[in-house]
Every structure is written in structure tokens, then in C-alpha cells.
Amino acid sequence: MNSNNQYYRRIDLPAGDLHVFAHDDLYHAMGAKVLEMANNNLQIPNIRYMSYTPDAHVGVGTCIGTTAVWGMEDGFVSPSIVGSDIGCGMRLHLTNLQVNELQDVKLRRKLVKAIEKRIPVENHVRGYFSDIRLEDVLRKGLHGLPGKYVPDSYTPRKATSLTHVECSRFRFDESVLDRIPEPVWHRAHRQLGTLGNGNHFIEIQAISINEDNRSIAERWGLQDGQVAVMIHSGSRSWGGAVNQYSGSEVAKTMSKLGLGTSDPKLVYAPLDSDAGQTYTNLMYSALNFAVANRHLLAFAVRDAFRETFGSQAETRTLYDLMHNYACEENHGDKSFLVHRKGTTRALPAGHAGNPEPYADTGHPALIPGSMGTSSYLMVGSPEGARNYHSICHGAGRVRSRNATKQLVTVDEFASSLRIGQDDEIVVNHRGLESLIDESPQAYKDVDRIIESVVEARLAAVVAKCRPLAAVKGV
């Protein structure tokens, strides 16, 4: 093992080098299983680079917190290194409200109820956007939505819905859509504008700017005490179906080519194979679904704010990005297929990959905490190029859902949410028992995660977002 400092180490595994960006304590707490999984991943032919961010933890086939890179000319694509919730990601909207306007806990509860009216939190309940054609969303992403759901498109000078996003539309060979069976289409259409369960959420937050980067914050339109809305969701059942169908086809290709590792759940195929191309194209359709789904969730939240605070309430888009995907990217003068499973792209100022509104500052990187803890808005550093500009995607689990339910009491969870106090974090569930597996005790300390990212010089903190209320699915 070659260690450069306490926030970075290069680990010589039998199959290749693993780069870990984490404080010593976080690294040692990861356990041996993450190294075993990395060694399996490094056995995929022609891999150029692999790393873990400090929130890395065991997943299916590949750890969450992985960046894995191949060249486009001889690369492989892996559904396992993308994950089943393809396109899962974050979105943040800025309101024209200040935190003192939400000081009354009864008002926060009213807002949460207004959001629940518009966004189903039960996993099998239909969303409220049945007039949208699923095929248009899958093919065109945000550009497939009817105009009435993109209201700021009528005021181009103020519009942010289509411009302040990592990508508003992924183009692909649309003929592959015929490979997904009709029942999946029906289920996915019902789920447009729905949150999903697990760690997905809508959170109302209050912004606190980091003085070191106040100039960037102000150029982004941030204010101290400003109320923001953070959304975490993905491609719902469409992404799951793509992963299931393509995973099976990729596994068949592996068998024909004599490929494999000791982990049967790690599947991959040559990028130029039929299975590889089919998966890549279907993955892009799921990315289109995911970005449109988060947009629709934000649209519903906008209506909830206006019901609660009046028609003058605004919720403009700051940014939308993904943390489960594989895309072609230029690094230096070469093209690479970069897989990110639970990692976030964070580009610095001046990078050609930034969307135009953030060309001069770098785009916002949205990093959620856990329930009861703060989230962060970050910006990439030039030194982040050594990790293909990947940073963490959140706090990262420290224990499983079952273990959390056994170890954490309702009283401990309630204390972390400050239930009964003036600064209570309002949640949409009558009983906290159903949410214990998402309690802060289930996650690593997000402040330590952010510290590792900053000290490794991958990104810098622009603002911290304190939770005021949260809507979770069941």
C-alpha cells in the first residue's frame, strides 16, 4: 500500500490499483469486503482506473462510492457498476423565502401536508401526471414534458428548468425501447412524479454560506437563511426493469466470451457488443426518466409552496445531477466511459463540461446528509481531475437496514430530529418506527465525509443546508 497522506491512499490489490479518498479512520472502518469487491471489479478487462470516495460501502456487485473508467476504444460497460436505480440523483431549488418565515412548526407541518397531497409517498400509488406520454419522456427527457409542466420556459431570461441541469436530454438508439415488455411501461407511467422509498426524499432546508466561497455562492444566487428544496429520486421501476433485462443479456454474453469473477452478481460486457450497446442505450432512456421525474417532483413542490405561502412563492432550479450512471467524458485529449455508482461529478470553474450558466464558477455539486443532519453544496476543484472529477454522493451507510432497526430506538431517532422542540425537523410520518432504518444512526458522519473530500482537494464547500422538514416515501 502506498499512502500519500491521511486523506488519500493507493492500494495495490492482486488485480490492480485502487485509489481511496478518505480519512484514515473512514478507510479502516470500510472493512475487508470493500477491498474484495474492488479486486473483482479490477478483473474486468482493460479497466483504466478505479476509486472509492469516503462514503463507500458494500453494494451488489460493486460498492456504492465507486468510480470506474474504461477507454472508449476497448471499454466495457457494467450494469453492476451503474446500479439498479439508474440515474438516481439530486435536485435543488431556491425559494424566495427566508428561514424565519418557516419558524412556526405548525406552518412547516402544513407545507409537508401540501406536498403529500401532490406527491404519493406510498410505493404503489399512481402519480398525478397521467397526461404525460411516457414514450416522450424516455426519448426526450425534460424536452418530452408538456409545456405546462415547464412554466419558466415562457420566460427565457428567468428560465432555469432546462439549462441548470447536468443534462436535460440523453440521445440514444430508440429502437431498443421495444425490448422492454408492456407491463413495465404501464408501471413506469404510473410512477412519473413519484418519490419512491428507501433513502429517497424531499427536504426543506435553510442555507448557510461558507465565507471562503461567498463570491461563488452569490453568483449562484444563494443567500444566508434562504429556504431551499432538495430532492433525491431516480428512474423508479423503469430503471429497475432496464437493469434486470440488460443484466440477464450481459450475463449471457459473459458466458459466451468466458468472462467472469468470483462474484456472479458482477456483470459486464464489451461496450461494442450487442448486449453492451443495448444496455447503454436503455440506460440513457432511464437517465431521461430520472431527470424528468425529479423535475415533476419539483413542479409539485412548487404548487405546495404556493398553496402554503401564496402565489408569489418561487422555487427556481439551482441544479440537477446524477450519481448512478455511465457516460462518455473527455479527460485531457481522450474519451473515456466513466461509471459512477454513488459518486457525483464535480467540475471546477472553466471546465468545458460545465453547463453554460456555470462555466465561470463550476456547477453546484449537491451532497445530501442523512435525516437530521445537514447537506452540502460544493464546487469541484481543479485537482479533482486525478479522480475524474468524482466526489462523494452523501453520507454513506454504516450499517444495514435490519441492523439499524435492531440497534436504534424510536426515542433516539426522535431526539436526532429534535421532536417537540421549536427547531423540530418535521417529517410526514405519524410514527417514526417506519423510518428508523433511515435514521442518522444508519449513516456515516456526513461532516467527516465532506472533510475528506475537501482535504483531498477534490471539491470545496460553498454552502451548508440545515434540514427544516422532510418528506419520505414508504
Side-chain angles (χ1 to χ4, degrees), residues 89-105 107-116 119 160 164 195 199-210 213-214 216-218 220-233 294 297-302 304-306 308-309 313-321 323 344 364-379 392-395 416-419 421-428 435 438-440 443 445-447 449-450 461-473:
M90 307 302 305
R91 189 177 187 92
L92 191 124
H93 283 242
L94 300 174
T95 76
N96 57 345
L97 300 171
Q98 286 289 307
V99 64
N100 64 325
E101 298 177 72
L102 276 73
Q103 189 171 358
D104 185 349
V105 69
L107 186 60
R108 298 200 296 277
R109 291 194 183 109
K110 181 180 179 181
L111 175 60
V112 165
K113 288 180 180 179
I115 293 172
E116 277 192 299
I119 297 174
T160 58
H164 289 54
L195 187 58
N199 61 357
H200 293 165
F201 65 82
I202 297 167
E203 192 166 274
I204 313 304
Q205 304 173 335
I207 290 174
S208 177
I209 294 173
N210 178 11
N213 287 304
R214 179 168 289 277
I216 294 176
E218 291 177 347
W220 288 356
L222 308 184
Q223 302 172 20
D224 279 312
Q226 186 175 21
V227 174
V229 181
M230 181 172 278
I231 296 171
H232 179 205
S233 193
R294 286 190 294 273
L297 292 170
F299 181 88
V301 170
R302 168 181 173 268
F305 265 85
R306 292 189 168 185
T308 307
F309 297 100
E314 297 177 2
T315 57
R316 71 174 182 86
T317 311
L318 178 72
Y319 203 54
D320 181 289
L321 50 70
H323 49 231
T344 304
L366 316 176
I367 310 300
S370 56
M371 287 186 70
T373 67
S374 292
S375 300
Y376 287 84
L377 308 182
M378 306 187 76
V379 66
C392 59
H393 85 306
S416 66
L417 297 176
R418 299 184 284 284
I419 300 298
Q421 302 180 41
D422 290 342
D423 60 347
E424 171 184 335
I425 301 170
V426 174
V427 296
N428 62 312
L435 292 177
E438 280 296 308
S439 65
Y443 288 86
D445 182 345
V446 69
D447 294 336
I449 301 296
I450 298 300
V461 174
V462 176
K464 194 172 182 177
C465 303
R466 175 173 62 87
L468 305 173
V471 175
K472 296 282 291 186

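Although no hydrogens or angles enter the test, the distance criterion places a donor-acceptor pair under 3.5 Å between the side chain of Asn210 and the main chain of Val461. When atom types are taken as modelled, the side chain of Thr95 and the backbone of Thr315 share no donor-acceptor pair closer than 3.5 angstrom. The backbone N or O of Tyr319 lies less than 3.5 Å from no partner atom in the side chain of Arg91, so there is not a single donor-acceptor pair. Counting only distance, with no hydrogens or angles, the side chain of Glu438 and the backbone of Leu435 share no donor-acceptor pair below 3.5 Å.
Remark: Thr344 OG1 to His323 NE2 distance equals 6.5 Å, nearest 0.5 Å. Taken from CG in Leu111 to OG1 in Thr308, the straight-line distance is 4.5 Å, to the nearest 0.5 Å. Taken to the nearest 0.5 Å, the CD1 atom of Ile204 stands 11.5 Å off from the SG atom of Cys465. We find the CG-CD distance between Asp422 and Gln103 to be 7.5 Å, quoted to the nearest 0.5 Å. Put simply, OG1 on Thr317 and NE2 on His164 are 8.0 Å apart, with the number rounded to the nearest 0.5 Å. Put simply, NZ on Lys472 and CG on Asn428 are 9.5 Å apart, with the number rounded to the nearest 0.5 Å.
For the pair Ile202/Ile119, a side-chain contact is recorded, criterion being any heavy-atom separation below 4.5 Å from C-beta on. Counting only heavy atoms from C-beta outward, the side chains of Met90 and Ile231 never approach each other to under 4.5 Å. Side-chain atoms of Phe201 and Val471, non-hydrogen and from C-beta on, never get closer than 4.5 Å to each other. Considering only heavy atoms from C-beta on, Arg466 comes within 4.5 Å of Val99 through its side chain. Side-chain contact between Leu92 and Pro364 is absent, with no heavy-atom pair separated by less than 4.5 Å. Counting heavy atoms from C-beta on, the side chains of Gln226 and Gln98 come closer than 4.5 Å. The shortest distance between side-chain heavy atoms of Val462 and Ile209 does not fall below 4.5 Å. You'll find the side chain of Val227 stays beyond 4.5 Å of the side chain of Leu94, heavy atoms only.
Shortest non-hydrogen contact noted between Val446 and Ala395 is CB-CB, 4.0 Å. Contact detail for Leu318 and Trp220: the closest heavy-atom pair is CD1-O, 3.6 Å. Shown here for His232 and Leu195, the closest heavy-atom pair between the two residues is O-CD1, 3.8 Å.
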Pairs under 3.5 angstrom only: tabulate donor-acceptor contacts from the side chains of residues 370-379 to other protein residues two or more places apart or in another chain.
residue, atom, partner, partner atom, Å
Ser370, OG, Thr373, OG1, 3.1
Thr373, OG1, Ser370, N, 2.8
Thr373, OG1, Ser370, O, 2.9
Ser375, OG, Gln205, NE2, 3.3
Ser375, OG, Gly369, N, 3.0
Tyr376, OH, Asp447, OD1, 2.5

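Asp104 and Arg109 are not joined by a salt bridge, as no carboxylate oxygen comes within less than 4.0 angstrom of a charged side-chain nitrogen.
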